[in-house]
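Comments concern the structure below.
Quick note: numbers below take in every heavy atom, side chains included, and nothing from hydrogens, waters or symmetry partners.
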Amino acid sequence: MKGLNWAIPLGISFFTFQAIGYLWDVYYRRIRAEHNLIDYMLFVSFFPQIMSGPISKAKDLLPQIKAEREFDYGKAVQGLKWILWGMFMKVVLADRLGMYVDTVFNNYEYHSGISCFAASICYTFQIYADFAGYSLMAIGVGRLMGFELINNFNRPYFSVSITEFWHRWHISLSTWLKDYIYIPLGGSRCSKLRNYWNIFVTFLVSGIWHGANWTFVIWGVMHGVFQILEKASGLQKCDRKSGVVMASRILVTFILVNFAWIFFRMPTVNDAIGYIMRIFTEQGHLYSNVGVSVVVFFLPWIMLIVSEFRDEYFPGKFLLLNSKYSFIRWCSYVTLTIMIILFGVLDSGQFIYVSF
């Protein structure tokens with residue numbers, strides 16, 4: 001409501017879902033009610049995750065709050081590594097991409113179709129680097145203090161379907177939606193039509209959760225419809241033995257997610273439709289004023305993609321931050337720190353998901 005933005009608590013959507021999940025679990029006797037008010041308040045408002053998640057379940061976080069913890073050097077080091085990589089993703093990649101994204105999206109009427117498409121790709125990576133970067137920092141802070149928080153992302157842009165995408169993207173939210181919306185509606189243990197309806201409602205709720213705007217509703221509905229179509233045609237799974245088929249499926253899934261993000265980013269439905277129409281109808285040159293050298297703009301992007309590719313297809317190999325050689329580890333620490341200081345957009349920019 002206009003004039004009442006100050007009255008909306010920070011991270012309200014996240015701690016509301018966390019509190020609802022607790023009430024649901026207590027009501028159905030999955031957990032016992034917590035009688036210590038301070039422990040409960042800490043569970044709901046645990047500061048590393050209060051702004052943008054991950055959304056924790058009471059059965060996972062409350063026992064850790066109540067348990068005694070001692071300083072663990074190994075956990076602290078791992079937590080600091082996650083904080084460093086998350087900070088790199090946020091200020092060096094996401095915020096740098098955001099400068100180009102904002103320039104094009106906010107004035108898309110004056111940009112060519114190729115520029116609009118390039119900016120949409122940039123936004124797809126920006127929102128991932130921004131949100132996953134925050135989640136890594138939250139998990140890192142938690143690990144530093146001896147807490148184990150849920151991993152919120154698992155390389156979502158390597159998904160072969162929208163169904164798989166939601167097993168990899170914002171995992172704590174998709175788990176919450178599955179446990180407290182999808183399964184209570186009947187899940188998949190019902191007729192096909194009822195199952196499709198359950199999927200639709202679940203992602204309609206997901207869209208509404210992100211904001212009181214038709215753009216978010218359409219974004220949620222798009223993801224629901226995509227999954228219904230995949231399930232109806234048997235495309236929710238993929239034979240990963242065929243490299244060509246898998247690469248094609250990954251590309252198609254990425255493009256669908258990319259165009260859905262346009263609705264997520266634009267302030268109105270008309271703007272989103274106008275933006276997409278411009279991609280396909282407006283010819284012209286690529287807007288290339290990224291504010292920095294090409295190397296500075298693309299190097300962090302390449303570093304992220306290579307890191308994700310390695311973790312996806314060569315897990316445990318070619319490690320840098322977690323290398324067994326201290327020289328390689330410290331070179332990685334110093335390199336990331338220097339890049340954050342020299343190339344990071346250090347303007348106290350907000351995280352995208354703080355708005356939700």
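- Remark: side-chain polar atoms of R189 are not paired, donor with acceptor, to backbone N or O of I183 under 3.5 angstrom.
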Please output the side-chain donor-acceptor pairs of residues 97-106 that fall under 3.5 Å, not counting sequence neighbours, one pair per line with the distance.
residue : atom : partner : partner atom : Å
Y100    : OH   : Y287    : O            : 2.7
D102    : OD1  : R265    : NH2          : 2.9
T103    : OG1  : M99     : O            : 2.8
N106    : OD1  : R265    : NH2          : 3.3
N106    : ND2  : D102    : O            : 3.1

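- Remark: the N213 side chain and the T215 side chain contain an N/O donor-acceptor pair separated by less than 3.5 Å.
- At least one donor-acceptor pair closer than 3.5 Å links the side chain of R278 to the backbone N or O of E109.
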Tell me which donor-acceptor pairs under 3.5 Å the side chains of residues 321-328 have, and how far apart each pair is, sequence neighbours excluded?
residue : atom : partner : partner atom : Å
N322    : OD1  : K81     : NZ           : 3.0
S323    : OG   : Y325    : N            : 3.1

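- In this structure, W301 places its CH2 atom where more than 12 heavy-atom neighbours from other residues, nucleotides or ligands lie under 6.0 Å away.
- Sparse packing is recorded around CE of M87, with 12 or fewer heavy atoms of other residues, nucleotides or ligands lying under 6.0 Å away.
- In terms of modelled atom types and a separation under 3.5 Å, the side chain of S112 and the main chain of H285 share a donor-acceptor contact.
- Counting only N and O atoms by type, the side chains of Y108 and D271 include a donor and acceptor under 3.5 Å apart.
- The neighbour count for K192 NZ, taken as heavy atoms of other residues, nucleotides or ligands under 6.0 Å away, does not exceed 12.
- Using a 30° and 60° split on the angle between ring planes, F314 and F309 fall in the tilted class, from 30° to 60°.
- For the ring pair (Phe, Tyr, Trp, His ring centres under 6.0 Å) test, no residue two or more places apart in sequence or in another chain qualifies with W82.
- No donor-acceptor contact under 3.5 angstrom links the side chains of D130 and Y123, judged on distance only.
- Judged purely by atom type and a 3.5 angstrom limit, H170 has no side-chain atom pairing as donor or acceptor with the backbone of W166.
- Under the 30°/60° scheme for interplanar angles, the aromatic rings of H210 and W219 are found to stand perpendicular.
- Formation of a donor-acceptor pair under 3.5 Å by the T124 side chain with backbone atoms of S120 is found in this model.
- A salt bridge between R249 and E164 is absent, with no side-chain N of the basic residue lying under 4.0 Å from a carboxylate O of the acidic one.
- W169 and F165 have parallel rings, their planes meeting at less than 30° on a 0 to 90° scale where 60° marks the start of perpendicular.
- For K231, the side chain to side chain donor-acceptor pair (under 3.5 Å) partners at least two apart in sequence or on another chain are N195.
- Annotation: side chain to side chain donor-acceptor pair (under 3.5 Å) contacts of R194 (sequence neighbours excluded): N198.
- A donor-acceptor pair under 3.5 Å is absent between the side-chain atoms of R96 and the main chain of F297, judged by distance alone.
- For F158 and Y313, the gap between ring centers is short of 6.0 Å.
- W85 places no side-chain N or O within donor-acceptor distance of the main-chain N or O of L136, the cut-off being under 3.5 Å.
- Y110 forms part of no hydrophobic cluster, judged by ILVMFWY side-chain heavy-atom separations under 4.5 Å.
- Looking only at side-chain heavy atoms (C-beta outward), L177 and Y182 stay at 4.5 Å or farther from each other.
- S307 places no side-chain N or O within donor-acceptor distance of the main-chain N or O of M303, the cut-off being under 3.5 Å.
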